Amino acid sequence: MRAAKHELPVTAQTGDYTGVWAELGDMHYAFETCAGGYDMDALVKIFPDHACPVEHWGYVFRGKVRVVYTDGHEEILSAGDAFYIPSGHRPYMLEETELLQLTRKSEHNDLVRQFVAAGLFPSE
């Protein structure tokens, strides 16, 4: 099984975010391009602690992301970094960023259902 970003359609798009998504096995792959200044605060506000409740793995191709955790610490992810982000986080794009983010498929699909139910994400 494989997924090539250039062969996939754009799945989600706003003025500051473009996502090209694929599912392989039990994982959801999101090739994401985000404008500098983009954050997910408007989406994650529906969860406890106003933070993303699932974990992610991935790689930053270009750009810089500040990740703030509910326990009070934060870290900066930069181009060339592989990452693991546990649940309870909020990402902030410090500059235009391109990354690949992996999430368990069941958890990603549940997040999207919750965003749609809250009117924060368009339904398909």
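Nothing fancy with the numbering, it's 1 onward along the sequence. Values in this document were obtained by computation on a predicted structure and should not be read as measured data.
With a 4.5 Å cut-off on side-chain heavy atoms, Val54 and Ser87 do not count as touching. No side-chain heavy atom of Met93 sits less than 4.5 Å from a side-chain heavy atom of Met40. A 4.5 Å side-chain heavy-atom check between Trp57 and Arg104 finds at least one atom pair inside the cut-off. Looking only at side-chain heavy atoms (C-beta outward), Phe61 and Thr97 stay at 4.5 Å or farther from each other. Residues Trp21 and His108 are in side-chain contact: their nearest non-hydrogen atoms beyond the backbone lie under 4.5 Å apart. The closest side-chain heavy-atom distance from Ile46 to Gln114 is below 4.5 Å. Within the 4.5 Å cutoff, no side-chain heavy atoms of Phe31 are placed close to those of Gln101.
When all heavy atoms of Cys52 and Val44 are compared, the closest pair comes out as N-CG1, 3.8 Å. In this structure, Leu99 and Val60 approach most closely via the heavy-atom pair CB-CA, 4.0 Å. Across every non-hydrogen atom of Pro91 and Val65, the tightest pair is CB-CG1, 4.1 Å. Nearest heavy-atom pair across Leu102 and Gly58 is CD1-CA, 4.2 Å. Residues Arg62 and Thr33 approach most closely at NH2-CG2, 4.1 Å, considering heavy atoms.
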Verdict with reasoning, Lys105 to Glu23, per side-chain contact (heavy atoms from CB on, under 4.5 Å): CA-CA 7 Å; Lys105 182 168 56 176; Glu23 293 182 348; 3.0 Å; yes
Trace of the salt bridge (Lys or Arg N to Asp or Glu O under 4.0 Å) decision for Glu7 with Arg2: CA-CA 11 Å; Glu7 295 173 357; Arg2 62 179 282 282; 3.1 Å; yes
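Cluster annotation: Val112 is not connected to Leu100 through the hydrophobic network of ILVMFWY side chains, with a link wherever side-chain heavy atoms come within less than 4.5 Å. Linking ILVMFWY side-chain heavy atoms closer than 4.5 Å, directly or via other members, places Val68 and Leu94 in two distinct hydrophobic clusters. By the rule that hydrophobic residues join a cluster once side-chain heavy atoms approach within less than 4.5 Å of another member, Phe115 and Tyr38 end up as members of one cluster. Under the 4.5 Å side-chain heavy-atom criterion for Ile, Leu, Val, Met, Phe, Trp and Tyr, Tyr59 and Leu8 are members of the same hydrophobic cluster.
The neighbour count for Lys45 NZ, taken as heavy atoms of other residues, nucleotides or ligands under 6.0 Å away, does not exceed 12. Annotation: Asp26, atom CG; neighbour count of heavy atoms from other residues, nucleotides and ligands within 6.0 Å does not exceed 12.
A donor-acceptor pair shorter than 3.5 Å can be found between the side chains of Tyr17 and Glu32. Side-chain contact annotation: His56 with Thr103, donor-acceptor N/O pair under 3.5 Å present. Side chains of Tyr69 and Glu75: a donor on one and an acceptor on the other come within 3.5 Å. Looking at Gln13 and Thr18, their side chains do bring a donor and an acceptor atom within 3.5 Å of each other.
Atoms OG1 and OH, from Thr11 and Tyr29 in turn, are 15.0 Å apart once rounded to the nearest 0.5 Å. To the nearest 0.5 angstrom, Asp71 atom CG is 12.5 Å from His89 atom NE2.
In this structure, Asn109 contributes its side chain and Leu111 its backbone to no donor-acceptor pair below 3.5 Å.
Under 4.0 Å is where a charged nitrogen must lie from a carboxylate oxygen, and between Glu96 and Lys64 no such pair does. Note on Arg90 versus Glu74: no salt bridge recorded, every NZ/NE/NH1/NH2 to OD/OE distance being 4.0 Å or above.
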Could you give the side-chain donor-acceptor pairs of residues 76-86 under 3.5 Å, partners two or more places apart or in another chain?
residue : atom : partner : partner atom : Å
Asp81   : OD2  : Ser78   : N            : 2.7
Tyr84   : OH   : Glu55   : OE1          : 2.3

